[in-house]
Amino acid sequence: MNSFYETDADHNDYMLIFPFTSLSVDAHFHKSLEFVYCLEGTTEVFIDGTRYLLNADEIYTIPSYFIHYNKNVGPNKILSFVFAHNYFHDFEKSYPGLTFPLLLLNHEKNREIRVLLEDAFTLLSKNEYNYENIPFLKRQAVINEFLYNLANIYSLTKHPTKKVTNVILDVLTYINIHYKEKLTVNTLADTFGYSPQHFSEIFNKHVGYNFNTYINNIRIKNALLKLNDPNNKKSHTEIAFECGFNSLATFYRALNKKLNKG
């Protein structure tokens, strides 16, 4: 399963709490913690290759760097809560080496948590989701209250950690910014001070597949966003070259591969 590094979610002070309806999301990962509350219906999620189905008043958690994605399985509504690592330093000091189970399934207890999430959402919606208008300490207080309440309800556990080096995160961030340009193993290796062979070995080890596969995945993801934009008036050819593909043949191969995998 090809995935991408969601750079935006790892910016300092990043925070998102938002309701989504019948959401489908491509495979991705980030250092930020993520909690998803199923408000209505059933939602399907894959975490580190394992499939989970969650019903109303159930929560799943995404540890740092775990690859995850959602598939739409019918009418549902979820409340997604994502926040950058610098928000939960105090919590980590209180519970070193511990985190939450992947699945939080106590409906009665979760309904208490739902109130906290909806209060946080109300706080943000009053600010039109402009987090910069909300002081950092106030955002941090909302997150800490959420985490400590969860810790009082559920027993914490140890999870196997996913380690991604800072160099790889810098490389993936660079690709996310410069994917429209002509990027090769040689140019990236030179930019980050490695030989092409050593760069390829590091990239394959940490990302799980080669550089060309990753960058084509990023390019086709962005191309699909443009193609699915109802206001788009550009041709496939224009979009293909705008997103960094060097030929229509390469673009259509990547597109067919993506669509055939769902």
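These numbers were taken from a predicted model, which means no experiment stands behind them.
Between R219 and E181 the shortest heavy-atom distance is NH2-O, 2.7 Å. Closest of all the heavy-atom pairs between S3 and I67 is OG-CD1, 3.5 Å. Nearest heavy-atom pair, L183 versus H178, reported as atom, atom and distance to 0.1 Å: CD1-O, 3.5 Å. Residues I17 and A120 share a closest heavy-atom pair of CD1-CB, 3.8 Å. Heavy-atom minimum distance, S32 versus A84: OG-CA, 3.3 Å. Closest heavy-atom contact between T187 and K182: OG1-O, 4.3 Å.
Note: E58 CD to N110 CG = 7.5 Å, rounded to the nearest 0.5 Å. Taken to the nearest 0.5 Å, the CG atom of D170 stands 12.0 Å off from the OG1 atom of T191. In this structure, I215 CD1 and C243 SG are separated by 11.5 Å, a value rounded to the nearest 0.5 Å. Interatomic distance, CD of E118 versus CD1 of I113, reported as 12.0 Å (0.5 Å rounding). Residue N176 holds its CG atom at 8.5 Å from OH of Y5, rounded to the nearest 0.5 Å. Summarising the geometry, atom CD1 belonging to I239 is positioned 10.0 Å from atom CD1 belonging to I220; distances are rounded to the nearest 0.5 Å.
Grouping the Ile, Leu, Val, Met, Phe, Trp and Tyr side chains by contacts below 4.5 angstrom, directly or via other members, places F241 apart from Y179. Transitive grouping of hydrophobic side chains (ILVMFWY, heavy atoms separated by less than 4.5 Å) brings L116 and L137 into a common cluster. Under the 4.5 Å side-chain heavy-atom criterion for grouping Ile, Leu, Val, Met, Phe, Trp and Tyr, V73 is not connected to L105 through any hydrophobic cluster. The cluster map of Ile, Leu, Val, Met, Phe, Trp and Tyr, joined by side-chain heavy atoms under 4.5 Å apart, puts L227 and L225 in different clusters. Under the 4.5 Å side-chain heavy-atom criterion for ILVMFWY residues, no single connected hydrophobic cluster contains both L53 and L79.
Taking 4.5 Å as the limit, some side-chain heavy atom of L39 sits within range of a side-chain heavy atom of R114. Side-chain atoms of E112 and I153, non-hydrogen and from C-beta on, do get closer than 4.5 Å to each other. The shortest distance between side-chain heavy atoms of I59 and F100 does not fall below 4.5 Å. Inter-residue side-chain proximity for I62 and I47 is flagged as met; some heavy-atom pair is nearer than 4.5 Å. In this structure, the side chains of F29 and L172 come closer than 4.5 Å at one or more pairs of heavy atoms. Counting heavy atoms from C-beta outward, L150 and F35 have side chains that approach closer than 4.5 Å. Two residues are said to be in side-chain contact when any heavy atoms from C-beta on lie closer than 4.5 Å; F199 and V171 meet this criterion. You'll find the side chain of K233 stays beyond 4.5 Å of the side chain of E238, heavy atoms only.
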Start with the C-alpha distance between T43 and L23, add both sets of side-chain angles, then the distance that settles side-chain contact (heavy atoms from CB on, under 4.5 Å), and finish with yes or no. CA-CA 8 Å; T43 186; L23 180 68; over 6 Å; no

Starting from the C-alpha separation in whole Å, work towards a yes-or-no answer on side-chain hydrogen bond (donor to acceptor under 3.5 Å, both in side chains) for T42 and N55. CA-CA 4 Å; T42 300; N55 300 307; 2.8 Å; yes

H30/H11 under ring-ring contact (aromatic ring centres under 6.0 Å, His included): CA gap, chis, key distance, verdict: CA-CA 10 Å; H30 42 67; H11 289 168; over 10 Å; no

side-chain contact (heavy atoms from CB on, under 4.5 Å) between T99 and F88: does it pass, once the steps are laid out? CA-CA 11 Å; T99 188; F88 53 94; over 6 Å; no

Starting from the C-alpha separation in whole Å, work towards a yes-or-no answer on side-chain contact (heavy atoms from CB on, under 4.5 Å) for I177 and T173. CA-CA 6 Å; I177 295 170; T173 300; 4.1 Å; yes

Candidate pair L98 and K158, rule side-chain contact (heavy atoms from CB on, under 4.5 Å), full reasoning: CA-CA 5 Å; L98 298 177; K158 287 187 177 182; 3.8 Å; yes

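A tilted orientation is assigned to the rings of Y95 and F91, their planes being inclined by 30° to 60°. Relative ring orientation between H85 and H89 is described as perpendicular, the plane-to-plane angle rising above 60° on a 0-90° scale split at 30° and 60°.
At a cut-off of 3.5 Å, with distance as the only test, no side-chain donor of Y87 or D13 sits close to an acceptor on the other residue. At a cut-off of 3.5 Å, with distance as the only test, no side-chain donor of Y154 or N106 sits close to an acceptor on the other residue. One side chain, Y148 or S94, offers a donor N or O that lies under 3.5 Å from an acceptor on the other.
For K77, the NZ atom is loosely surrounded, since the number of other residues' heavy atoms within 6.0 Å does not exceed 12. Open room surrounds CG on N166; 12 or fewer heavy atoms of other groups in view lie less than 6.0 Å from it. Environment of CD in Q197: sparse, with no more than 12 heavy atoms of neighbouring residues, nucleotides or ligands closer than 6.0 Å.
The closest donor-acceptor contact from the side chain of N217 to the backbone of T213 lies at 3.5 Å or more, if one exists at all. Although no hydrogens or angles enter the test, the distance criterion places a donor-acceptor pair under 3.5 Å between the side chain of S24 and the main chain of N72. Looking at N76, its side chain does come within 3.5 Å of a backbone N or O of S22 through a donor-acceptor pair. Panel note: side chain D57, backbone E108; no donor-acceptor pair is recorded below 3.5 Å. Not a single donor-acceptor pair under 3.5 Å links the side chain of N86 to the backbone N or O of N12. Listed for the N232 side chain is no donor-acceptor partner under 3.5 Å among the backbone atoms of N228.
Of the candidates T61, L33, I143, F81 forms a side-chain contact (heavy atoms from CB on, under 4.5 Å) with just one, namely I143. For the ring-ring contact (aromatic ring centres under 6.0 Å, His included) criterion with Y174, the lone passing option out of F192, Y214, F203 is F192.
Note: Y14 and F83 fail the aromatic proximity criterion, with ring centroids not under 6.0 Å apart.
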